[in-house]
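Just below is one structure, and these are the notes that go with it.
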Amino acid sequence: MKYPAQEIELKWQKFWEENKVSKTDLSEPEKKHYGLVMFIYPSGAKLHCGHWYNYAPADTFFRLKKLQGYNIFEPMGYDAFGLPAENFAIKTGIHPQDSTIKNIEEIREQLRRIGTLYDWDHELMTCDPKYYKWNQWLFLKLYEKGLAYRQNAPVNWCESCQTVLANEQVQSDGTCERCHNFVIKKNLTQWFFKITQYAEELLSDLEKIDWPEKTKLMQRNWIGKSYGVELKFRIVDSDEYIPVFTTRPDTLFGVTYVVLAPEHPLVEKLTTVENRQSVLNYIEKVKHETEIERLSTVKEKTGVPLGSFAINPVNNEQVPIWIADYVLFTYGTGAVMAVPGHDERDFEFAKKFNLPIQKVILEKGTKPGDELQKAFVDIGEMINSGQFTGLNSDIGIEKISDYLEAEKIGVRKVNYRLRDWLISRQRYWGTPIPIIHCEKCGEVPVPEKDLPVILPYDVDFKPTGESPLTRNEKFMNINCPKCNSPSRRDPDTMDTFVDSSWYHLRFLNPHIDDAMFDTQLAKKWMPVDTYIGGAEHATMHLLYARFIHKFLRDIGMLDCDEPYQKLRHQGTITNQGAKMSKSRGNVVNPDEFVEKYGADVFRMYLMFMGPYETGGDWSDKGIVGVNRFVNRVYELFNTLSAKVRSIQYIDNIDIDNLTITEKSIYRKTNQTLKKVVEDIEELRFNTAVAALMGLLNELSVLNKVENPKLTFYVLERFAFMLSPLAPHLAEECWQILGKRKSIFEEPVWFTYEKKAIVEDKVTLVVQVNGKLRAAIEVDIDGDEELIKQNAKQDPRVAKFLESKQIIKEIYVKNKILNIVVK
RNA sequence: GCCGAAGUGGCGGAAUUGGUAGACGCGCUGGACUCAAAAUCCAGUGGGGCUCACACCUCGUGCCGGUUCGAGUCCGGCCUUCGGUACCA
């Protein structure tokens with residue numbers, strides 16, 4: 001009998017819905033498990049295989065938790081603001097709100113068909129004023145605490161998207177991560193969130209959370225903490241001085257020039273008349289370079305001298321001041337002391353412009369007089385370094401730092417690579433920034449009582465380079481809340497990473513309208529216990545969410561320090577080697593597979609394809625195998641149900657009264673039970689499915705077994721193991737067994753029986769000189785001498801022992817016997 | 001360039017702490033069922049040698065070398081692929 005997937009799956013989906021199986025009672029947090037997957041971005045494309053690959057296996061994991069007795073909360077929502085909807089609107093003229101709502105309707109149906117345990121009463125969408133009102137509220141709180149500020153800054157600008165991109169949204173080849181066009185630089189006044197204030201805690205709290213080491217490492221590198229000294233270089237014939245940050249104060253005697261970033265405010269003051277024109281030309285040239293170009297290591301070094309000189313504070317030597325694009329204004333002090341002898345970039349630069357190279361650290365095994373072929377950046381003996389000469393440079397770092405502090409030339413400092421989070425977007429489809437610009441009062445926050453600042457529907461969102469909202473006079477014109485004079489609203493909208501930095505909190509009660517989220521529930525239900533999503537969010541979303549979480553904690557709304565206790569990534573499903581995307585035209589539509597084979601087959605196939613964290617290239621080659629498995633299972637239950645009809649419950653199986661075949665089935669069932677549960681727990685879905693297939697193969701003899709009790713025992717456990725993997729089929733099988741309650745309605749749990757999985761015979765491998773010669777059946781924990789004797793008498797072994805001398809015997813109990821002969 | 005991960009049959013992939021390499025599935029081959037096909041079921045399936053056959057021998061986890069009684073697994077060097085990152089002073 002063929003498994004009628006559509007009929008049965010819809011039946012159980014309806015059942016779970018109507019019987020509130022997927023509904024979570026949040027008032028019972030005692031054994032709670034908040035299971036979260038990254039919410040969906042309804043960008044015009046529908047649900048594709050990549051989404052399925054995230055959501056279906058995650059649901060399998062969460063269903064196992066439910067069976068374990070956890071009160072599991074699985075919500076789903078829509079990350080509904082953002083560029084793709086707006087770009088789609090620009091192309092087609094369909095309003096982003098209309099296309100988004102329509103997409104969500106379709107996606108919701110697709111999501112329901114997966115058969116997950118989403119509690120739909122908690123659904124949310126970020127483009128809802130009831131949601132984004134709290135983005136604005138969050139903004140005001142950050143503003144209140146001085147953590148939201150405006151600054152004129154060089155920003156990445158995408159000509160095609162007509163918007164600002166955060167540094168991390170620009171790809172390594174200098175293109176926009178969304179549209180893949182080249183990014184240029186532009187100066188704009190922008191809103192920033194001061195994530196750097198939390199740099200230290202974001203770094204140190206990584207130790208508290210169960211995340212992949214790889215992801216933690218990426219965040220550590222992104223935050224980029226370094227220890228060093230900030231010191232001042234005075235300037236010849238000037239009262240000005242240049243602060244520089246260095247991690248290598250031990251090389252201070254080797255400074256032969258100083259470099260400023262071209263954007264550095266001192267550049268103008270320190271440029272001599274003769275150099276003015278070349279400096280201006282250079283600055284102009286650098287303006288057209290993207291940051292990626294500037295930072296390219298393959299590009300030849302460029303720079304120009306200012307004509308002025310700085311004074312090395314330790315030896316009073318005068319060194320020239322240059323500007324060069326390899327020095328970034330955004331990092332450290334925007335200026336470096338150049339030590340070409342011991343820094344690769346400085347070395348390259350000095351070689352190109354014939355600047356002196358002074359050796360101050362001696363490499364072991366070389367002489368002070370040897371010419372440096374490349375920068376020596378390791379630790380060595382300090383030379384040419386005044387009173388520090390002779391010290392090992394790692395000690396020298398500390399001694400010079402002490403000296404600089406004592407002489408008040410410099411101070412020890414910790415520096416971070418992390419930059420503040422630029423949240424302004426010159427875009428329409430996002431959260432309006434709740435600030436009013438008044439000529440008299442300056443920037444004035446919108447009073448809380450006036451939130452939300454509603455994003456108007458009627459806006460010309462065609463890209464012109466300025467924010468689309470600027471052209472909506474009705475929106476823009478407002479009286480100042482302080483002085484009541486005519487003022488203008490801020491026309492920018494927020495980065496959508498603001499939306500996703502706290503959505504997990506809103507899920508707990510998306511209907512609350514007098515608070516950002518239900519703080520009482522959050523105190524009980526946070527942190528998210530298991531969060532599953534793509535590794536591509538390692539340094540953006542996952543860092544921003546941690547920052548916002550810590551901020552909300554600091555204003556008393558949360559108790560815990562971290563939002564996501566356990567994080568796991570699923571791999572990427574590619575197609576023909578490339579990530580699936582609409583533009584590449586390689587998106588695989590899951591619907592046709594769901595239609596043909598059903599959700600359970602599709603979900604199990606995705607899990608069976610390979611390791612979850614690896615992902616892989618899409619192929620539908622093997623899906624028939626899973627389909628066969630599902631049909632064989634259904635067949636098995638239908639065939640044997642009559643046999644076990646009278647049985648409702650059994651307490652245990654008496655192992656001693658089983659035939660050899662029965663015992664083998666009993667053992668295999670328990671071994672599989674152990675493996676399947678352990679594998680799903682570790683998200684090793686592929687081997688869990690394989691184990692269940694292996695058990696089914698073994699059960700082909702079950703119809704010959706005249707033992708209804710054992711048959712019932714095996715089938716009951718089989719359905720249980722199947723239930724997280726193929727929940728619809730498992731519920732059906734459970735019902736075929738005559739169970740009154742559904743598995744997930746009244747969660748059941750089976751533990752494997754320890755005594756059942758113990759084998760009494762074991763295969764012992766016999767090697768001679770490390771080569772496999774025989775595999776013999778022996779009693780488990782059998783007598784060593786007897787086993788050795790038997791092994792040597794085995795003809796396959798004996799013939800290799802003839803006329804040889806046994807030198808050594810290695811015996812590992814129940815595993816191997818290796819006889820070494822000469 | 002640097003950092004990280006990986007490389008196993010025709011294919012996707014298995015393989016606790018070093019201990020039978022190739023579980024499970026796809027595909028393929030043969031057989032059963034059928035008028036026939038599909039579906040299903042049964043058997044076989046890493047390469048080579050030898051054999052009527054059973055068996056047996058031998059090679060084999062990217063390449064070269066090492067440690068070990070024994071290496072897919074550990075160590076050193078190389079090659080390839082995929083991720084991450086971009087002069088961080």
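Lettering of chains follows the sequences in order, A, B, ..., and the numbering in each one begins at 1.
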Side chain of [X], heavy atoms from C-beta onward: which of [options] has the nearest atom to it?
| X | options | answer |
| --- | --- | --- |
| A/K815 | B/G19, B/A89, B/U85 | B/G19 |
| A/I810 | B/G19, B/C88, B/A14 | B/G19 |
| A/R773 | B/U58, B/G19, B/A89 | B/U58 |
| A/M693 | B/U40, B/G70, B/G25 | B/G25 |
| A/I816 | B/G19, B/C56, B/A89 | B/G19 |
| A/F608 | B/C88, B/G12, B/U85 | B/G12 |
| A/N697 | B/C88, B/G84, B/G25 | B/G25 |
| A/Q767 | B/C41, B/G19, B/C88 | B/G19 |
| A/T687 | B/G70, B/A14, B/U85 | B/A14 |

> When you look at A/R717 and A/T669, which way does the side-chain hydrogen bond (donor to acceptor under 3.5 Å, both in side chains) test go after all the steps?
Replying inline: CA-CA 8 Å; A/R717 275 150 190 78; A/T669 303; over 6 Å; no
> Syn or anti: how is B/G49 classified when any glycosidic angle within 90° of 0 counts as syn?
Replying inline: anti
Sugar-phosphate only, base, or nothing, as touched by [X] at under 4.0 Å among non-hydrogen atoms:
| X | answer |
| --- | --- |
| A/D343 | nothing |
| A/K621 | sugar-phosphate |
| A/V820 | sugar-phosphate |
| A/K771 | sugar-phosphate |
| A/Y811 | nothing |
| A/V624 | sugar-phosphate |
| A/R684 | nothing |
| A/D346 | nothing |

> Any idea how A/W421 and A/Y544 line up, ring-wise: parallel (<30°), tilted (30 to 60°), or perpendicular (>60°)?
Replying inline: parallel
Separation of atom [atom1] in [X] from atom [atom2] in [N], rounded to whole Å:
| X | N | atom1 | atom2 | value |
| --- | --- | --- | --- | --- |
| A/L772 | B/U58 | CG | P | 10 Å |
| A/I573 | B/G12 | CD1 | C1' | 11 Å |
| A/R248 | B/C87 | CZ | C1' | 16 Å |
| A/I623 | B/C24 | CD1 | C1' | 16 Å |
| A/M218 | B/A5 | CE | C1' | 12 Å |
| A/N818 | B/C69 | CG | C1' | 5 Å |
| A/I819 | B/G19 | CD1 | P | 20 Å |
| A/R632 | B/C24 | CZ | P | 11 Å |

Give a yes/no on whether any side-chain N or O of [X] is located under 4.0 angstrom from OP1 or OP2 of [N].
| X | N | answer |
| --- | --- | --- |
| A/R628 | B/C26 | yes |
| A/N221 | B/C3 | no |
| A/S226 | B/A89 | yes |
| A/R417 | B/A86 | yes |
| A/K214 | B/G4 | no |

>> With nearest nucleotide decided by heavy atoms, which residue, A/V765 or A/N686, maps closer to the 5′ end of RNA chain B?
In response: A/N686
Answer yes when [X] and [Y] have at least one side-chain N-carboxylate O distance shorter than 4.0 Å, and no when they do not.
| X | Y | value |
| --- | --- | --- |
| A/E613 | A/K214 | no |
| A/R684 | A/E678 | no |
| A/E682 | A/R568 | no |
| A/K788 | A/E784 | yes |

> Distance from A/K668 atom NZ to A/E698 atom CD, nearest 0.5 Å?
Replying inline: 5.0 Å
> What interatomic distance, in whole Å, is found between P of B/U58 and the corresponding atom of B/G7?
Replying inline: 28 Å
> Roughly how far apart, to the nearest Å, are B/G18 and B/G9 at atom C1'?
Replying inline: 23 Å
> Stepwise, does the side-chain hydrogen bond (donor to acceptor under 3.5 Å, both in side chains) test hold for A/S226 with A/N415?
Replying inline: CA-CA 5 Å; A/S226 60; A/N415 198 52; 4.6 Å; no
